[in-house]
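Quick notes on the structure that follows.
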Amino acid sequence: MFESLGKRLQNTFDSLGRGGRVTEDDVKSVMRDVRMALLEADVALPIVKEFVKATREEALGAEVHKSRRPDQEVITIVRRQLIETLGEAGRLDFSRSQRPHVIMMVGLQGSGKTTSAAKLALHLRKKENRKPFMIAADTYRPAAVDQLVTLAKQIGVDYHEEGTSAKPEDIAKRGVEAAKNVGADVVIIDTAGRLQIDDTLMGELEEIKRRTKPAEVLLVADAMTGQEAVNIATGFNERVGITGLILTKVDGDARGGAALSMRSVTGVPIKFMGMGEKISEDTLEVFHPDRIADRILGMGDLGTLLEQAEELYEEEEAMKLQKKMLENNFTLQDFLEQMQKIKKMGPITKVMGMIPGFSKLQMQGMVDDQEVEGRMKMVEAIINSMTIKERNNYKILKASHKKRIANGSGVTVKDVNDLIKQYRQMQKMMDQLRKGKFPKIPGMPNLGF
Amino acid sequence: MGIFRRGLSKTRGSFFGRITQIFGNSDIDDETWDDLEALLIQADLGLETTQTVMDFVRDEVASQGITKADQLEKLVKESLEALLDHPPRPLNISGRDLSIILIVGVNGSGKTTSIAKIANRLKRAGRNVMIAAADTFRAAAIEQIQRWGERIDVPVIANKPGSDPGAVVYDAIEAAKARKAEILIIDTAGRLHNNYNLMAELAKIEGVIEKAVPDAPHEILLVLDGTTGQNALQQGMKFSDSVDISGLVITKLDGTAKGGMIFSVYNDLDVPVQFIGLGEGVDDLVYFNPENFVNSLFEDKT
């Protein structure tokens, strides 16, 4: 951790003051790596070509920030461009439809339609305060109806099913009527998985759409999809007209280039990301373009380069912090700011989950989301209850002050004392670092420097 | 062979069909190489395999003094065939009382459907087959395999949803022994290869099987979705870290997906592709034949 910080700072010193503009050579070398990264991430070749061309134009002649090397500047532009292309998370749009608003789920076999339908129903009820309803219109896959019914019951959502002998379009139509009768306001129609080139089955989707007039037609797509993503998205979009995408199995380690391919060829927003077969509020998330962008780029040299560029973006701030640490001026206020920055990256255990080894601990229950987050919240509350003067110098804290802080933050005086104790330990450690001694930090491997 | 061609015809049309254009009667130039590379990448071969094929073809072109694009097709084909050069091997399911096939794969790859197709094929070949419904996690997964069992007339051993898959496997093996079944095919829950706990569970299931029948499982088939891109390699590697993968099943190759990941996974794991899935019908699963696979890709007429 400290080693790489040192290296990065060294890099900064090396390149400081170069400034200037991004040249053709700068762009060329980075874009070669970008092209490879995108292809390895399964972004479809025509999309890669388009993206590389557009980004090259964007990057050429761009001003190099004084804290970055030109290649770092280019990668920053690439990342920004990628996030922009992936687009903001799309929201479900019911503004032009009447109650009950219909959502049609479409996609290939095994992409995760039924699971996503149930997650979406739960999301609508819990997070958007709707009354959802589910329709089982997959009459082909054995037990698909049972699956939907089981899930609907599990999450306590009304549903309509007619077994497997009726026509899907009739089931869908009658299902919407049934939804009206129970006063549901959003209806989710689960359809059978099909190939986009299957003329008969695509015709069936058109018929369901014609008869139920959905507000949303969501294409459910596997994040592990390869070059085929373009054909799938184009095929469904041309025949049925999709309004959004749900990217599933994002809890895997696929780099998710399919998201960029599908988004690019259809122009429709990615609305949700699905993670796992468990139906809960946490396993369907609103789409995060930055996370997928980092996955697509985030491997090997390119990932390291990106990381460096990101870190150096706040170079001045980092230098200030470094200086403060070395001069032992790292106050509780600085501590608070650092913690808030980490929090911005997402739920702490999710951030930790990205670190190899930690996801394992998390699953084994050794790292508890709520505990870690609760602890961070408490620390934040305590520091927030201090005056600026106190934050900058804990030594002025008297018993009465501590009591006030404890009351203000809803904790005990012991909690306040514990925090100060920890902070002092940290200070001591920094002090030793400053003097050139390297303290052994319990639970941490040898830092090797 | 007929069905093999029918299913792959779409693949040919969209991918290798274009090869005829590229490999027309013209001189080889930079554009030819770019087009060839693009074709291989778009077939999901991945950068590394694409590079291997490109290098081979370039070397041959140089050493044989080839100048015309129409001679490239043969070289590309040779190169791809060389990548699939493991000799096909029959399933290890004979010569003992009970043979056990364990089926594993990520969610939605097509495990259950493949099991039904494999069971049907073996049953029609006169074998006494049983199925264990050990996906106790996904809603209605048990019902799904049970419906298939009824359809193809193969007994399915199941327990309640949420029950321990290891226990289901144990019960199924006991039942298979009691009923003198020759082959037991075990369905497992879909799991992502980077999920530590679920991969550990899989290893545990393998342990249960081994304990009940000493040299079992005799085949562990990893089911890969043919529309998957380069992540198939990760799946292959991580699944074989947990259990001894002995073969592959590639599904959903009846669409426009090219299935090019077969080349790299095949090479990486050093295990054969046993079956490929070419459609929804119970008969649309065929034994994989490397030569036929490559040949079919290059045939112009459907």
Side-chain angles (χ1 to χ4, degrees), chain A residues 36 39-46 48-49 108-112 114-115 118 140-151 153-154 193-198 222-232 235 248-249 251-258 275-279 359-360 363-364, chain B residues 10 14 37-39 41-48 50 106-113 116 137-148 150-151 161 189-198 225-232 234-235 238 251-252 254-261 280:
Chain A
M36 280 175 64
L39 287 173
E40 273 167 11
D42 289 321
V43 179
L45 185 64
V48 173
K49 285 182 173 165
L108 294 190
Q109 290 92 344
S111 58
T114 311
T115 304
Y140 301 94
R141 181 166 57 94
V145 174
D146 306 58
Q147 186 184 353
L148 183 131
V149 169
T150 307
L151 295 178
K153 283 180 180 163
Q154 191 181 310
R194 65 200 75 212
L195 290 168
Q196 77 280 5
I197 49 165
D198 188 324
D222 187 326
M224 300 182 276
T225 311
Q227 298 283 320
E228 179 67 358
V230 164
N231 295 330
I232 297 168
T248 60
K249 308 178 201 173
D251 50 329
D253 58 2
R255 293 177 57 197
M275 281 152 287
E277 264 176 2
K278 203 176 129 204
I279 312 295
S359 48
K360 209 156 95 181
M363 267 181 305
Q364 289 164 345
Chain B
K10 292 154 198 156
S14 54
E37 190 189 47
L39 276 171
I41 285 172
Q42 285 185 278
D44 280 319
L45 262 79
L47 284 178
E48 214 183 303
T50 298
V106 300
N107 318 60
S109 57
K111 286 176 296 303
T112 307
T113 309
F137 182 73
R138 206 202 66 206
I142 296 169
E143 285 93 329
Q144 187 179 349
I145 193 73
Q146 280 173 335
R147 298 279 155 79
W148 272 116
E150 287 157 22
R151 204 181 284 183
R191 65 199 74 223
L192 289 178
H193 47 288
N194 59 337
N195 186 317
Y196 178 82
N197 278 358
L198 291 180
D225 182 331
T227 59
T228 301
Q230 298 312 299
N231 192 249
Q234 299 296 320
Q235 293 174 28
K238 301 225 175 113
T251 62
K252 308 182 198 174
D254 51 327
T256 47
K258 328 292 197 278
M261 22 69 91
E280 303 251 30

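Fair warning: this is a prediction, and the values are worked out from it, not measured in the lab.
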To the nearest 0.5 Å, atom OG1 of B:Thr228 lies from atom CG of A:Asp42 at 8.5 Å
When the 4.5 angstrom heavy-atom criterion is applied to A:Ile279 and chain B, the contacting part is neither
dist A:Ile197:CD1 -> B:Asp254:CG (nearest 0.5 Å) comes out at 7.0 Å
Taken to the nearest 0.5 Å, the spacing of A:Leu195 CG from B:Thr227 OG1 works out to 9.0 Å
Given A:Thr150, A:Val149, A:Asp146, the one with more heavy-atom pairs under 4.5 angstrom with chain B than any other is A:Asp146
Any donor-acceptor N/O pair, B:Asn194 side chain to A:Asp251 backbone, under 3.5 Å: yes
- Could you walk me through whether B:Gln42 and A:Val230 pass side-chain contact (heavy atoms from CB on, under 4.5 Å), step by step? CA-CA 10 Å; B:Gln42 285 185 278; A:Val230 164; over 6 Å; no
Cut-off 4.5 Å, heavy atoms of chain B, and the answer for A:Ala254 is both
Of A:Gln109, A:Met36, A:Lys278, A:Gln196, the largest count of non-hydrogen pairs under 4.5 angstrom with chain B goes to A:Gln109
Hits for side chain to side chain contact (heavy atoms under 4.5 Å, CB included) against B:Glu48, two or more places apart or cross-chain, chain-then-number order -> none
Under 4.5 Å to a heavy atom of chain A? For B:Gln235 that would be side chain
When rounded to the nearest 0.5 Å, the distance separating CE of A:Met275 from CG of B:Leu192 is 11.5 Å
Taking every heavy atom of B:Lys252 against every heavy atom of A:Gly110, the minimum-distance pair comes out as NZ-CA, 3.9 Å
CZ (A:Arg141) and CD (B:Gln144) are apart, to the nearest 0.5 Å, by 5.0 Å
| message | One pair to check against side-chain contact (heavy atoms from CB on, under 4.5 Å): A:Met224 and B:Val106. What are the steps and the verdict? | response | CA-CA 10 Å; A:Met224 300 182 276; B:Val106 300; 3.8 Å; yes
When you look at B:Ile41 and A:Leu39, which way does the side-chain contact (heavy atoms from CB on, under 4.5 Å) test go after all the steps? CA-CA 8 Å; B:Ile41 285 172; A:Leu39 287 173; 3.7 Å; yes
For A:Leu151 and B:Ala139 the tightest heavy-atom approach is CD2-CB, 3.7 Å
What one should report as the nearest heavy-atom pair of B:Asp44 and A:Gln227 is OD1-N, 2.8 Å
So, the part of B:Glu37 with a heavy atom under 4.5 Å from chain A: the answer is side chain
All heavy atoms of B:Asn107 vs all of A:Lys249, minimum pair found to be O-NZ, 2.7 Å
Of the listed B:Arg138, B:Glu280, B:Gln230, the one with the largest count of heavy-atom pairs under 4.5 Å with chain A is B:Arg138
So, the part of B:Arg151 with a heavy atom under 4.5 Å from chain A: the answer is side chain
